[in-house]
Amino acid sequence: MSNPVFPFRLSKQVGGIPESSTLRINEEIAARRASGETICHMGFGESPFPVPARIARALADAAGSNSYPPTLGLPGLRDKALAYFSKRLSFTAGGMSAVVGPGSKDLIFAAQMAIEGDVLLPTPSWVSYAPQAKLAGTNAIKIPTQASDHHRISGKLIRETIVQARANGLNPKKIILNYPNNPTGLGISDEDLQDIAEVCRENGIIVISDEIYSLIAHGGPHRSIAGFYPEGTIVTTGLSKHLSLGGYRIGFAFIPDALGGLMPAMRAIASETWSCVSHPVQHAAIAAVEEHDDIEEHIVRCTKIHGMVTNYARDRLVATGIEYPPLTGGFYLYPDFTEHAADLAAAYGVSSSQELAADLLSRAAVATLPGTDFGDAEQVLSLRLAITDYDGAEALELLTSHPNIDQNQFVETACPRIVRAWDSLGEYFAAAPGNQ
Ligand SMILES: Cc1ncc(COP(=O)(O)O)c(C=O)c1O
C-alpha cells in the first residue's frame, strides 16, 4: 500500500530554498567516508582544534544552570563580549549594545528580517545570505566582484549598484559585508572601508558586517567598518571560527544605539523564536571573552596554523597556474578556472562549476563547492576550497613542540590529507591539455 499523500503548498518564502550546500556536503562526505571511501574534504570549513580546557571546564561547571537566561543574553556576557570584540576589531564600545544569539547566522537572519528593504550582496557571497533574504521576504541585489580585480568591493561599485537597483524599482536599505571573506579569504582595505562607509551614510544603507573570521586574520590586522561608520553598522561575530566552537551555537551582534528601534525588534524576534541561548554555553562563552592568557595564546597558535595551511594551499594553487592574491584571513580559497575552460571541457567534458566540482570528486576524490552556491553564474568555473581537513590536536602539538617550523614542513607533517588532495588537484589540472 502506498503512503497517503496530504496535499499542501510550501509558503512563498520557503518554496525553492534547498538545504544549505555547506551542511549538505558535510553530511554527504561523512556518509561516504563511513562507507570506506577516502576523500579529502574541502567542501565544508570547520576549524578543527580541540576545545580549550578552561572553556570545557566552564561549560561543565555550569551544567546545573537550567533556567532560561534573559532573551538577549546574560548581562555579564553581553558586556564582556562587547568589550572584548570592540578592542580587537577597533571600534568603540560606547554607543553599542550586544545581543547573544544561537550563532551569528541566526543574528544575521534576524537583522535581515528586522530591517525594511532589500539587501545588497557583494558576490561571491556566503551561501546563506541570499536564502535568508528570501526567507525574510526581501530581494538580494548582487554586487558582482571580479576575480581579476581581487574581488575588490569599492564605494564606487556599491554606489553604481544602488543607482541601478533603484532604477529597477528595488529598495536597497542594507548591505552585508564579510571580511576576512568566505569564500575568498580576502579582506577590504581601510581606504575602501572608509569609502563604503561614506556611500552607505549618503544613501541611508545599514551595514551588517559579518566579521566572524576577524580573529583569524593571519594576513595583517583586522579593522571593523564600525570604526568608520559607527552609527550605521551592526557587527556580527562569534566563537565558531577562532575557537573552533561552531557546535556550541553561540554568536554576538553589536548594535548601535543610533539604530533606535532595532534592539527591541531583535529582542522580539529572539523571544518569539529561539528564546535564549543555552545557559551553560553562555557561561562557557564568558570564559572565552575574559582575556585569559591561555585562551589568547591558543587563538594565536590556531591562527598561525590556519595561516600556514591556507597559504600552503594558495602556493600549491599558484603552482597549477592560477593567480591568487595574498590572503587576509580565515581558511578558504576561491579560485576561478574560467581561463582554462576550453582545456577543461576538452579533457573532462566539464562546462560549469557544478560539473567541475562533481568531476573533481569522482576523479580526484576531492570535495569542493561550486561557485554557483556563492552566487556566480554557472559558466564561471569558480570553486570554494575549505582548508581545514586535518587533525587540529596533532597540528597544535606539532606547533607547540616546533614553534619555528617552516610552513611546508608543518603541513607535510601535520596535514597529510591536504598534501594528498593538492597532489591530486595538481595531477587533475596538469592533465587538461594546454594547462601547464
Ligand atoms: C561567512 C560566515 N558567516 C557566518 C557564519 C555562521 O557562523 P555561526 O557559527 O556563528 O553561526 C559562517 C560559518 O559557517 C560563515 O562562514
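Numbering of ligands and ligand atoms starts at 1, following listing order.
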_Below 4.0 Å, non-hydrogen atoms only: which portion of S104 touches ligand 1? Side chain, backbone, both or neither._
both
_Which of the numbered atoms in ligand 1 are under 4.0 angstrom from any heavy atom belonging to K105?_
11 (O)
_Close-contact set for ligand 1 against N178 heavy atoms, below 4.0 Å_ = 1 (C)
_Y129 near ligand 1 by a heavy-atom separation under 4.0 Å_ = yes
*For ligand 1, which atoms sit closer than 4.0 Å to a heavy atom of S240?*
8 (P), 9 (O), 10 (O)
*asked:* Give me the nearest non-hydrogen protein atom to atom 12 (C) of ligand 1 as residue plus atom name, then the distance to 0.1 Å.
replied: W126 CZ2, 3.4 Å
*asked:* More than 12 heavy atoms of other residues, nucleotides or ligands under 6.0 Å from CD of E160: yes or no?
replied: yes
_Please list, in number order, the atoms of ligand 1 under 4.0 Å from a heavy atom of Y213._
1 (C), 15 (C), 16 (O)
*Give yes or no for whether the N/O distance cutoff of 3.5 Å, strictly under, is met between K241 and ligand 1.*
yes
*May I ask you to list the atoms of ligand 1 that are less than 4.0 angstrom from any heavy atom of D210?*
1 (C), 2 (C), 3 (N), 4 (C)
*So, D192 and R152, do they make that salt bridge, N to O below 4.0 Å?*
yes
*Salt bridge or not for R57 and D294, using N-O below 4.0 Å?*
no
*Of all the heavy atoms in G103, does at least one lie under 4.0 Å from an atom in ligand 1?*
yes
*With the threshold set at 4.0 Å, does a side-chain nitrogen-carboxylate oxygen contact exist between R88 and E296?*
yes
*Search all heavy atoms of A270 against all heavy atoms of T71 and return the closest pair with its distance.*
CB-CG2, 3.5 Å
*Atom CD1 of I162 and atom CG of N171: how far apart are they, to the nearest 0.5 Å?*
11.0 Å
*Judged by modelled atom types alone, do N203 and R159 share a side-chain donor-acceptor pair under 3.5 Å?*
no
*Of all the heavy-atom pairs spanning A367 and I29, show the shortest one and how long it is.*
CB-CD1, 3.6 Å
*For R249, counting its heavy atoms only, list the atoms of ligand 1 lying under 4.0 Å from any of them.*
8 (P), 9 (O), 11 (O)
